[in-house]
Structures are given as structure tokens and as C-alpha cells.
Amino acid sequence: MTRLSSYFLPTEREPPADAEALSHKLMVRAGLIRQVGAGLWSWLPAGWRVHQRVVQIVREEMNAIGGHEMLMPVLQPAELWRRSGRYGIEELFKLKDRREADLVLAMTHEEVVTTHVAAAVKSYRDLPLILYHFQVKERDEPRPRAGVLRTREFIMKDSYTFDRDAETLEVSYQKHVIAYDRMMDRCGLEWYRVEADVGMMGGTGAHEYMAPCPAGENHVVLAGGYAANLEVASGEPQPVALEPALDAPEVVPTPGMTTIEAVATELGLPHGALLKAFPIVLDGDEMRLVMLRGDHRVNEIKLRTALGTDFRPAHPDEVTARLGPPGYIGPVGAQMPILLDDGVATGGYVTGANQPDAHLRGVEPGRDFRFERVDVRAVMPGDTINGATIRIEPAIEVGNIFKLGTRYSKPLGATYLDDAGHEQLIWMGCYGFGPARAAAAAVEQYADEAGISWPQAIAPFDVELVTLGKAGTEERAFADGLYGELQELGLEVLYDERDAGPGEKFIDAELLGCPLRVTIGRRTLGAGEVEVQLRRGRETTSVLIEDAAEEIAALWREQP
RNA sequence: CGGGGCGUAGCGCAGCCUGGUUAGCGCGCAAGCUUUGGGUGCUUGAGGUCCCCGGUUCGAAUCCGGGCGCCCCGACCA
């Protein structure tokens, strides 16, 4: 029974003062979620219905590829995480029990699931396996934000695959591609499957499922058939006009000009005719000088991948000691390996001279300094990929799929005996999906001035039935009957029979955003009609009262 | 980790700079009348540890110190 007069749906006229993202504002205003603390949210009844609908879609698609649902604990012994080498992760919540034993609140479940599989799986005959669960995940986020988009505690579907080798892992991975494509479609989202960073811990391939929307924290790069996270995207830069070649580098005085902007303006050159020097210090304390075009920016994730190790930008005193005054450093004469970005074409460039108040012009890579080629720049609007101009869109990462390889099976001892009786490591994959993010993305993608407009499959209710008549009126009697009939047809109905004005009811209904709003008023009823508003587009139509329920159900089935 | 901002009724805010009776406003809430197809109008009313602790002062929402909490931007995000 979901009669609004006795339901818990606290709507607000105004959004919370500190809300920024559209989904944050609307989900609070519509009475779907409430904040408990930074990055900690309660799901109120209507919001939880949305969440559960997403969960059910995900569950059905996981089962369809042979997944087996299970459940693993959030609270876990620290020992497991020490063994996998993840105990040091800053985002991992750590705590002690009363006996001072170290415990963690799990952020994912690779350690536990791998331990179970390691203990139980003996033979190649036991593989492959797809295991999954929905569970609360805990992450000590440096900065929770945007309502339910980035929280410290959230429910995630995690699945894990166990295979004999890289080849069969690929099969399990492709099954997930199919399942995830369907999940995103069924949730009614606009989405892209993009190439993703595999991270420092290895892994042999990864994709992310991105839902484009303004509040997205990630950026997807799109060009023709190409789709990648900005973190890994590569492209061809727009060409830049260089100065005429010189026989040898030539010093130009540039007093006080320590920025690309200042030097380019002084010399009347485009930013791209300069080379930017980015000095870094590797984990082992060695220095490197990364050179890229003046109008380009370093993509630190690509750089980290290219280096194969972590790094930090060099401190000013390190720069002064090893190269020259910050703002004037360059590759010529630098006593350290130089990494030259792929975006730098051959030709003469302006670079720092490694001495105060001076730059060099006519510097040619190769002739004037030795280098190693790397692809470490962030692509930018105007770049092309296979001839197609890229565009960059903000997006929410709703899901990700990842080939782990033997990252966890090795430290946790997950092996099997192959058909020749030899012990082999199990090849794993992991696959995450965030229902809360799917819901928030849907809010972002389809909201209008009046509020949320849910995709049909994940709306809190299929129909919001609004009666304008008070108890005892003919309209109310008709609406009561229609409420029952719609439910008998299998529709989930929210029945607004509150003693409130029509304006208030309409505004609340449109804020909540169920696909159909059915209005029973004296005027339309007298005309033998029932009014139906299609929330997407807010157009109104009407059906005859004789078979109103069936007609409404038919309309509902047509909704996006 | 760096920068900025906020904390006063359920929600949104004013008051603070320049200390001084019962701390205000809008919305919401309760009651009555009114209205009944787009937050109707009027009347009455309830509702507050002014984030917490300490200090200054005759007197602190207001000034000072410390703490806690929350938001935004950037960094970070296995």
C-alpha cells in the first residue's frame, strides 16, 4: 500500500544550501535520500525502491552470464590485506577490535573471494567460475562530494571471475561486456564503454562504463568509434607553425619571463612553438626531464604508466641544483635522461636555457639533445584520432571491468592442477557496478525544470495516481478503484490522496518523476476521461474511463 | 595535502563588523475559516543547547582562543 498520505516521502521546496550537483539537489528535494555525514547517506523508501530496481536489473544480467550470487563480510581481518599487499592503501578504513586485533572495512572483496576459491578449487575441472555479490563498500575518501555520486560508504555489485589462463579470462571478460552493455541499456542510461587505465598494480586490460552528465568527475574522449577515459586517451595534436630552422640554438634574453605565456608573447610565437620542461623525481630518487609542447599539458596518469613507477614533480631547489632557475630550464645540456612527448614534431623550438633570464631558440630534438619518446600528454579539444576530431565530455563512472590476471591469485595462493597435473595460477577478473551512481546518472541525464524524469525501468513507481477529489466525492471513489485496477495489472502505483491542493500535488509528482502521472479530477471525469501526463516531455493525453487501467498500462509500456 | 566558505527553528536565510530588553524573516508545521485543475487567502499558534568547550566583559549569537562538523575548488582516487 503506497498511499502518499501515509508514506515517508519528505519533499522540499528548496535544495540544500550546500548542494551543487543537479542529482544531489533533486534527490534530496524529491525525498529519495538524506545525508547522515560527509559521504554518508540514507536511502529513504522511494529512493531505495530506485536502488533496488537497479540492483535487480544487475542481478538478472549477472545470472544470465552464469554468475552465482553470494555474500561476503565488510569487516575483515587485516591479515588478508597484508598478504595481498593492500593494507597500506590510504582509503582503506582500519580499526581494532576489543582484543586489539587489526581489522579493516573492505573497499572491495578480492582478498576474501580469492581465499575461498584458493581453498576450494583444486582442479582445472572446477573452472571457470563467476562469483558476485552486492555489498556495502567502505572507502575513506579524501573528498566525498555531490550527494550520492562519491561517498564513503556505498553498495556495489562486485563480481570476480576465475579462469585457467589469459585466453579463458578473455571469455569471462567478454561475458561481462555483454552483461554490462545490457545493464546500462536496461537502466535507460546514455553510456559509453571506454578504454580505462589499468593502474599501477598491473592488470592486462580495463574498460569503464561511463554515463555522460554535467556532474561527472571523469572525462571521456570520443572520436568516431574511439572512446577512452581522458586518463589514457591518445590523439594527434593540431599542427603548430614553428620558427624557421637555425644551424644551432641561439640565446634570446627573456628577463623576468618565466611562463610559456610570457615568452610566447614576447617572441610573437604560438604557445606550441615552445617546449615546456616538466622535471620529475622517480621513486628511486632519479630525476627525469619531460619535454612537451608549450600548449600541451602532462597527463600524470599516462606519465606514471610510461615510467612504470611512481614519481613526483621536482622541488624548486632540486631544479636549481640540477638544471637551472625554475622558469628557465630546458633540455640542452641537461645532465639527465630526457623524455620527449609524442606530440612534439621535428623542428626548431624555443626552450629554457638553464640560465637566468634566457631562453634558446632553434632547439631541435635529436640534434641538440638526446631523448626517449613517450606519450604522456593529455589530449585536448581540437586533437584528432584517425582523422576524426575529438570531443571531451564529463561523465560518471557507473561500472568498470578489469582483467586482474594473477595479481591476487599469486599472493593468496589460488592455484589449480591442469590436465597435465601441473600447478597453475588462476587468472582473475573483477567487475564493479554502482547502483547509486546509475540512479544519480539517470537523474542527471533526464531531469528538467520540473524535476526528475526517471527512465521507466528504474523509476520508484510506474505511475503516480493523483486524485483531486476529497474523500466522499465521486472522483475519489473512481480513483480508489483505479488504484486497485492498476495494481492488478502489475503496475507499481503511488497514490496521492492527500488533502492538499492540486498545484502542490502536481509539483510533487513532477519532482519525483514517475513515468506517468494519472490525474482524476471532476472536470475530466465528467467528460468521461482520465488525464495522463507523460513525465518525459510533460505532454498530457487522456484515456477513456471505460478501460482506463488497460490504456494506462499500455502507455506505460511505451515509456522510455 | 593546499586554497576558499559555512554552522542561528524541519528547510532557506537575516542579525555578528560596531556586545545591551522577550533573537527575527520566508517557507514548512498545528488549529480555524477559505480555496479545490498548478505550492489559494486570512487569522491564531507551537517550535531555538544561536555547533561545542574555554576566555574577555556588569552583560556574548556578536569579541578572543581551542575543538568539532559540513560544503566548494584543486591535488588525490589499486
Side-chain angles (χ1 to χ4, degrees), chain A residues 10-21 24-25 28-29 31 34-41 81 84-92 106-111 137 139-147 149-152 154 158 196-203 206 208 215 217-218 229 231 298 300-301 304-305 310 312-313 396-397 400 402-405 407-408 411 428 430 432 434 449-451 466-473 475-476 496 498-511 517-527 529-531 533 538 540 542:
Chain A
T11 56
E12 296 290 343
R13 193 181 290 239
E14 297 185 65
D18 50 24
E20 198 67 26
H24 181 184
K25 291 178 182 172
V28 171
R29 283 190 57 209
R34 282 294 184 271
Q35 184 166 23
V36 176
L40 301 171
W41 290 84
W81 291 69
S84 69
R86 293 211 295 175
Y87 190 64
I89 294 176
E90 279 192 73
E91 283 73 28
L92 183 65
M107 47 199 295
T108 58
H109 285 71
E110 281 84 355
E111 283 79 2
K137 311 282 169 170
R139 293 189 188 176
D140 194 356
E141 286 287 345
R143 184 153 99 81
R145 61 177 289 273
L149 235 43
R150 186 168 207 84
T151 56
R152 293 194 290 178
F154 56 97
D158 258 331
D197 182 37
V198 294
M200 286 286 295
M201 297 309 273
E208 289 164 338
E217 307 186 275
N218 286 272
N229 193 312
E231 294 174 352
V298 171
E300 298 199 4
I301 292 168
R304 199 162 282 131
T305 305
D310 209 355
R312 59 171 172 83
I396 298 176
E397 180 189 350
N400 68 284
F402 195 99
K403 294 178 205 168
L404 287 168
R407 163 72 184 84
Y408 292 93
M428 293 175 55
C430 68
E449 325 76 59
V466 175
T467 172
L468 302 181
K470 285 189 165 180
T473 61
E475 304 93 89
R476 173 64 71 89
D496 187 355
R498 293 175 300 171
D499 181 17
E504 189 176 346
K505 292 186 174 189
F506 294 152
I507 283 167
D508 273 353
E510 285 161 26
L511 177 60
R517 186 191 80 204
V518 174
T519 309
I520 310 299
R522 190 191 305 161
R523 206 172 68 197
T524 46
L525 204 58
E529 293 177 341
V530 169
E531 177 188 303
Q533 186 206 49
R538 283 204 284 168
T540 297
S542 56

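Below, read A as the first sequence line, B as the second, and so on, with proteins coming before strands; counting in each chain starts at 1.
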Student: Any strand is fair game: report the nucleotide pairing with B:U57 by Watson-Crick or G-U wobble, both distances under 3.5 Å, or none.
Tutor: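 The answer is none; no pair meets the criterion.
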Student: Please assess A:Glu217 against A:Arg145 for the test salt bridge (Lys or Arg N to Asp or Glu O under 4.0 Å), listing each intermediate value before the final yes or no.
Tutor: CA-CA 10 Å; A:Glu217 307 186 275; A:Arg145 61 177 289 273; 3.1 Å; yes
Student: Which residues pass the salt bridge (Lys or Arg N to Asp or Glu O under 4.0 Å) test with A:Glu141, sequence neighbours left out?
Tutor: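 Expected list: A:Arg150.
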Student: Would you indicate what A:Ala509 reaches in the nucleic acid, counting non-hydrogen atoms under 4.0 angstrom: base, sugar-phosphate, or nothing?
Tutor: nothing
Student: So if I define the base as every atom that isn't primed, P, OP1 or OP2, how would nucleotides 34-43 of chain B read as a B/S/- string at a heavy-atom cutoff under 4.0 Å?
Tutor: -BBBBB----
Student: Determine: side-chain N/O of A:Arg145 to OP1/OP2 of B:C73, distance under 4.0 Å, yes or no.
Tutor: yes
Student: Give one of base, sugar-phosphate or nothing for A:Gly37, where a contact means two heavy atoms less than 4.0 Å apart.
Tutor: sugar-phosphate
Student: Answer yes or no: is there a donor N or O on one side and an acceptor on the other, between the side chain of A:Arg407 and the main chain of A:Ser84, under 3.5 Å?
Tutor: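 Between the backbone of A:Ser84 and the side chain of A:Arg407 there is a qualifying donor-acceptor contact (under 3.5 Å).
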Student: Both distances under 3.5 Å, Watson-Crick or G-U wobble: report the partner of B:C42, or none.
Tutor: B:G32
Student: Using Watson-Crick or G-U wobble geometry with both distances under 3.5 Å, which nucleotide pairs with B:G48?
Tutor: none
Student: Any side-chain heavy atom of A:Met107 sitting closer than 4.5 Å to one from A:Ile89?
Tutor: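 Yes. Closest side-chain heavy atoms under 4.5 Å.
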Student: Taking any strand in view, what nucleotide pairs with B:G74 in a Watson-Crick or G-U wobble way, both distances under 3.5 Å?
Tutor: B:C1
Student: Output the rounded distance in Å from CZ (A:Arg143) to C1' (B:G3).
Tutor: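 Value for this atom pair: 12 Å.
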Student: Under 3.5 Å, is there a donor-acceptor pair between the A:Arg139 and A:Thr108 side chains?
Tutor: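 The answer is no; no qualifying pair exists.
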Student: Find the partner of B:C6: check Watson-Crick (N1-N3 plus N6-O4 or O6-N4) and G-U wobble (N1-O2, O6-N3) distances, both under 3.5 Å, and reply none if neither fits.
Tutor: B:G69
Student: By nearest heavy atom, map A:Glu20 and A:Glu90 onto RNA chain B; which one lands nearer the 5' end?
Tutor: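 That would be A:Glu20.
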Student: Whether the side chain of A:Lys25 engages the backbone of A:Pro16 through a donor-acceptor N/O pair (distance < 3.5 Å, no angle test) should be reported.
Tutor: no
Student: Determine, stepwise, if the pair A:Asn400 / A:Glu208 fulfils side-chain hydrogen bond (donor to acceptor under 3.5 Å, both in side chains).
Tutor: CA-CA 4 Å; A:Asn400 68 284; A:Glu208 289 164 338; over 6 Å; no
Student: Reckon A:Pro10 touches a base, only the sugar-phosphate, or nothing at all at heavy-atom distances under 4.0 Å?
Tutor: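 Here A:Pro10 touches no strand at all.
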Student: Go through B:G12, B:C71, B:A75 for me and flag the one nearest to the A:Ala17 side chain.
Tutor: B:G12
